[in-house]
Amino acid sequence: MVTNLNRINTNISSFKAREVLNKINDDLNASRLKLSTGKKINSAEDNSSGYAIANKLKSRVAGLEQTLQNVDDAKSMLDIVESAYNSIIDNLIKLKSLATQAANGTIAAGSDEMALIASQMEAIGDDINDIAQITTFNDLNLIGTSADITLVFQVGEVITDTMNLTLDEIS
């Protein structure tokens with residue numbers, strides 16, 4: 001078989017047309033990617049410095065979103081504590097009213113009425129202790145423990161952006 005060596009790589013115009021077609025297809029694929037993702041920079045190939053900046057900002061946004069979640073969790077926990085404190089305050093007001101009633105000279109010491117007031121006061125004290133024991137958030141007893149609790153909330157993107165809160169024991 002005889003080969004005509006003059007015909008090899010002589011169709012230069014078809015090679016140029018193919019090269020242009022490949023370039024157009026690459027540009028079309030890049031445009032489709034940008035349209036489908038809605039992003040101008042999809043890889044380091046598009047713009048390496050812009051891609052690095054975008055990834056850094058994406059990381060920062062994720063950290064700030066977690067910070068917002070942390071603040072929401074802290075607010076939820078503090079809402080529970082506030083509700084418990086309000087219930088305890090209401091009970092303390094009832095105790096003060098009963099103590100004022102018992103201190104009135106019209107009720108004799110050792111009488112049935114005084115015993116009833118004392119039992120009511122004891123029941124209110126038990127209610128305060130019960131509220132303290134059941135005030136929990138994610139299995140953490142907030143005010144009914146045997147010691148004060150110090151909680152540290154991460155409220156910013158830097159490790160030092162914290163808020164400390166100490167909850168005192170109530171019994």
Side-chain angles (χ1 to χ4, degrees), residues 32-171:
R32 283 183 183 158
L33 180 63
K34 288 177 184 177
L35 281 173
S36 66
T37 62
K39 298 176 183 176
K40 184 177 178 180
I41 302 172
N42 290 296
S43 68
E45 181 180 297
D46 297 334
N47 179 346
S48 60
S49 63
Y51 186 73
I53 291 169
N55 277 339
K56 183 177 179 182
L57 290 174
K58 186 178 177 182
S59 170
R60 188 169 181 207
V61 166
L64 290 172
E65 286 174 346
Q66 184 58 52
T67 296
L68 284 174
Q69 183 63 44
N70 291 352
V71 170
D72 285 343
D73 289 346
K75 183 184 179 308
S76 296
M77 185 180 64
L78 292 174
D79 286 344
I80 291 170
V81 171
E82 180 183 21
S83 177
Y85 282 157
N86 285 336
S87 295
I88 290 170
I89 288 170
D90 289 343
N91 280 325
L92 291 174
I93 291 170
K94 290 177 193 174
L95 277 176
K96 181 180 179 188
S97 175
L98 288 171
T100 304
Q101 182 182 1
N104 188 5
T106 60
I107 300 175
S111 67
D112 289 340
E113 289 179 11
M114 190 61 80
L116 181 62
I117 291 173
S119 68
Q120 286 178 326
M121 292 176 82
E122 187 175 325
I124 291 172
D126 290 343
D127 191 33
I128 289 172
N129 286 335
D130 289 344
I131 291 169
Q133 290 302 316
I134 64 170
T135 303
T136 59
F137 184 81
N138 287 338
D139 296 329
L140 176 64
N141 192 316
L142 299 174
I143 57 177
T145 63
S146 61
D148 298 344
I149 299 173
T150 299
L151 302 167
V152 180
F153 301 108
Q154 183 68 38
V155 294
E157 58 185 321
V158 180
I159 193 126
T160 58
D161 292 338
T162 59
M163 179 182 78
N164 296 337
L165 175 71
T166 301
L167 299 173
D168 295 332
E169 175 227 352
I170 293 180
S171 69

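Everything numeric in this text was worked out from a predicted model, so none of it was measured.
Among pairs with a residue in residues 134-154, none fulfils salt bridge (charged side-chain N to carboxylate O under 4.0 Å, His left out), at least two apart in sequence or across chains. Among pairs with a residue in residues 55-72, those fulfilling salt bridge (charged side-chain N to carboxylate O under 4.0 Å, His left out) read R60-E157, at least two apart in sequence or across chains.
Taking the side chain to side chain contact (heavy atoms under 4.5 Å, CB included) definition, one finds that I93 meets it with I89, sequence neighbours left out. Under the rule for a side chain to side chain donor-acceptor pair (under 3.5 Å), the partners of Q66 that lie at least two apart in sequence or sit in another chain are N70. With sequence neighbours excluded, the residues satisfying salt bridge (charged side-chain N to carboxylate O under 4.0 Å, His left out) with K75 are D79. Partners of D90 according to the salt bridge (charged side-chain N to carboxylate O under 4.0 Å, His left out) rule, which considers only residues two or more places apart in sequence or in another chain, do not exist here. Residues passing the side chain to side chain contact (heavy atoms under 4.5 Å, CB included) test with L78 are L165, sequence neighbours excluded. T160 pairs by the side chain to side chain donor-acceptor pair (under 3.5 Å) definition with nothing, not counting sequence neighbours. Take D130 and apply the side chain to side chain donor-acceptor pair (under 3.5 Å) test, not counting sequence neighbours, and it matches no residue. Under the side chain to side chain contact (heavy atoms under 4.5 Å, CB included) criterion, E122 pairs with D126, sequence neighbours left out. Checked against side chain to side chain contact (heavy atoms under 4.5 Å, CB included), T162 has the following partners two or more places apart in sequence or in another chain: V152, Q154, N164.
When atom types are taken as modelled, the side chain of T67 and the backbone of G63 share a donor-acceptor pair closer than 3.5 angstrom. In terms of modelled atom types and a separation under 3.5 Å, the side chain of S83 and the main chain of I80 share no donor-acceptor contact.
Distance check: I128 CD1 to L92 CG gives 4.0 Å after rounding to the nearest 0.5 Å. Between atom CD1 of residue I88 and atom CD1 of residue I124 there is a gap of 13.0 Å, rounded to the nearest 0.5 Å. Within the model, atoms CG of L140 and CD1 of I149 stand 5.0 Å from one another, a figure rounded to the nearest 0.5 Å. The structure places CZ of F137 at 5.0 Å from CG of D73, a figure rounded to the nearest 0.5 Å.
Side-chain contact check for N129 and Q133: no donor-acceptor pair (N or O, by modelled atom type) lies under 3.5 Å.
Counting heavy atoms from C-beta outward, L98 and Q101 have side chains that approach closer than 4.5 Å. In this structure the side chain of I143 reaches within 4.5 angstrom of the side chain of Y85, judged on heavy atoms.
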Exercise for review: Could you walk me through whether I131 and N91 pass the side-chain contact (heavy atoms from CB on, under 4.5 Å) test, one step at a time?
Suggested key: CA-CA 10 Å; I131 291 169; N91 280 325; 3.6 Å; yes
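Nearest heavy-atom pair across T136 and N141 is CG2-CA, 3.8 Å. Annotation for G50 and N47: closest pair N-OD1, 3.0 Å, computed over non-hydrogen atoms.
Counting heavy-atom neighbours within 6.0 Å of I159 CD1, excluding the residue itself, gives a total of 12 or less.
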Check: residues 104-115 side-chain donor-acceptor pairs under 3.5 Å, at least two apart:
unit_1 : atom_1 : unit_2 : atom_2 : d
N104   : ND2    : T106   : OG1    : 3.1
S111   : OG     : A108   : O      : 2.7
S111   : OG     : M114   : N      : 3.2

